[in-house]
Each structure stands twice: as structure tokens, then as C-alpha cells.
Amino acid sequence: MKRFAQPRMDLPLPERLSRRERTEALRHPPLRTILYTRLQQHGVVWKVAGRTLAPLYKGAVALEINCGDIGPGLCSYHGFATILTAERIGADCLFAQQVTVGYDDRGGSPTIGDRVRIGAGAIVIGPISVGDDAVIGAGAVVVKDVPEGAVVGGVPARVLEGAVDRFSARGR
């Protein structure tokens, strides 16, 4: 919820959220989908709670998350037509709409590092690694490893030399 309240990675997360801020965050369907995914991973009681709440407070219509290891702060503001199938999704990752993360014919799915941002319509497929603090541009097709802190774009994606991510957690 804190990441929904403060999406910019270069600014600190709020210490506490007011009741109004928590209510506003829970009104957001992608956040509910992320919450239900997390509840599925924390035992029978939480799984039943998630399955009970899901029909009453629906999540995002076309946001699918299939990952057993998700770090805190996962955020998707516009989860429409987004599929996330990964070995691991690190802390404070941000996914835009129509993103596909998943398998390819090489087998295996990506490992996403911490504080990674993936732009609208990007595709990240195969047994690759996306380094911490990486930014994947909108519409990019990533089929090779992405170095830590890199900004990549294009089809197929390549490192964009000299590109600066103005919202990086690293403060470059």
C-alpha cells in the first residue's frame, strides 16, 4: 500500500498511511489482485480469506501473477492485460499495463531484480535475469540479460547508452 501511495522510487515511502489512504489504495483493483496473490502464498487460512474476498472485491480483470517469490512493494497501476510469470520478482518493482513476463521456447522464466520498472507493452521472456534498478522501456522485447542499473529499449531490447532514469532509487 505504501508503494501505491508513493510510486516514485527516488522519494522515501511514507512511514504510515492514514485510514483514508489505505481505503483509497484498496479501491484500486490491481492492488487487490496483488494482495490476493500474496494471500495464496501464506497458508490455508489466508488462502481461504483471499478466496472469500475476491468475489466481493474484485481484482484487476486481466492481471495474472504467477510467481512464488515476490518481494515487498510490487506495484501495477494499470494491470490491464498484464501477465507476470517469473522465477522471482524483487522488492519495489513497478509494472505498467500490457506487460508480458514469462516463458519462451528456451524454457524457464525471468528473474526480476529489485526496484525494476517495466514500461507499457514490454515483453520480458525466457530464462534471463533483469538486474537491480533496471528500467525497461515501453514496447521493448527483452530476450537477453539486463545489467544492473541499465536502461533498455527497442526490439530486440538493447542497453541505451547515456540514458538517464530520473526516478531511479540509485539517484543517478
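Residue indices begin at 1 and follow the sequence shown.
Remark: R88 CZ to S129 OG distance equals 9.0 Å, nearest 0.5 Å. For the atom pair C93 SG and I112 CD1, the distance stands at 7.0 Å (nearest 0.5 Å). Atom CD1 of residue I70 and atom CD1 of residue I65 lie 5.5 Å apart, to the nearest 0.5 angstrom. Separating the CD atom in E21 from the NZ atom in K2 is a distance of 11.0 Å, to the nearest 0.5 Å. Here R19 contributes atom CZ and E24 contributes atom CD; the two are 14.0 Å apart, rounded to the nearest 0.5 Å.
Considering all non-hydrogen atoms of both residues, R3 and C75 come closest at CG-CB, 3.6 Å. The minimum heavy-atom distance between A25 and M1, with the atom names listed, is CB-CG, 4.1 Å. Residue A96 comes nearest to T82 through the heavy atom pair O-OG1, 3.3 Å, listed as atom of the first residue, atom of the second, then distance. Residues C67 and A86 share a closest heavy-atom pair of SG-O, 3.3 Å. For A122 against I136, the heavy-atom pair with the smallest separation is CB-CG2, 4.0 Å.
The hydrophobic cluster containing V44, built from Ile/Leu/Val/Met/Phe/Trp/Tyr side-chain heavy atoms closer than 4.5 Å, also comprises V48. By the 4.5 Å side-chain criterion applied to Ile, Leu, Val, Met, Phe, Trp and Tyr, V155 is assigned to a cluster that also includes I123, I125, V141, V143.
The pair D92-R117 fails the salt-bridge criterion, with no side-chain N (NZ, NE, NH1 or NH2) lying under 4.0 Å from an Asp/Glu carboxylate O.
A 6.0 Å sphere centred on CZ of R106 holds more than 12 heavy atoms belonging to other residues, nucleotides or ligands.
With contacts defined as side-chain heavy-atom distances shorter than 4.5 Å, the pair T111/P127 does not qualify. At a threshold of 4.5 Å between non-hydrogen side-chain atoms, the residues F95 and V101 count as touching. Side-chain atoms of R115 and V135, non-hydrogen and from C-beta on, never get closer than 4.5 Å to each other.
Grouping the Ile, Leu, Val, Met, Phe, Trp and Tyr side chains by contacts below 4.5 angstrom, directly or via other members, places V124 with V159. Cluster membership check: I128 does not share its hydrophobic cluster with I83, using side-chain heavy-atom separations under 4.5 Å among Ile, Leu, Val, Met, Phe, Trp and Tyr.
Residue pairs meeting the side chain to side chain donor-acceptor pair (under 3.5 Å) criterion with at least one member in residues 63-72, sequence neighbours excluded, are N66-T85.
Of the possible donor and acceptor atoms, one in the side chain of D132 sits under 3.5 Å from a partner among the backbone N and O of D114.
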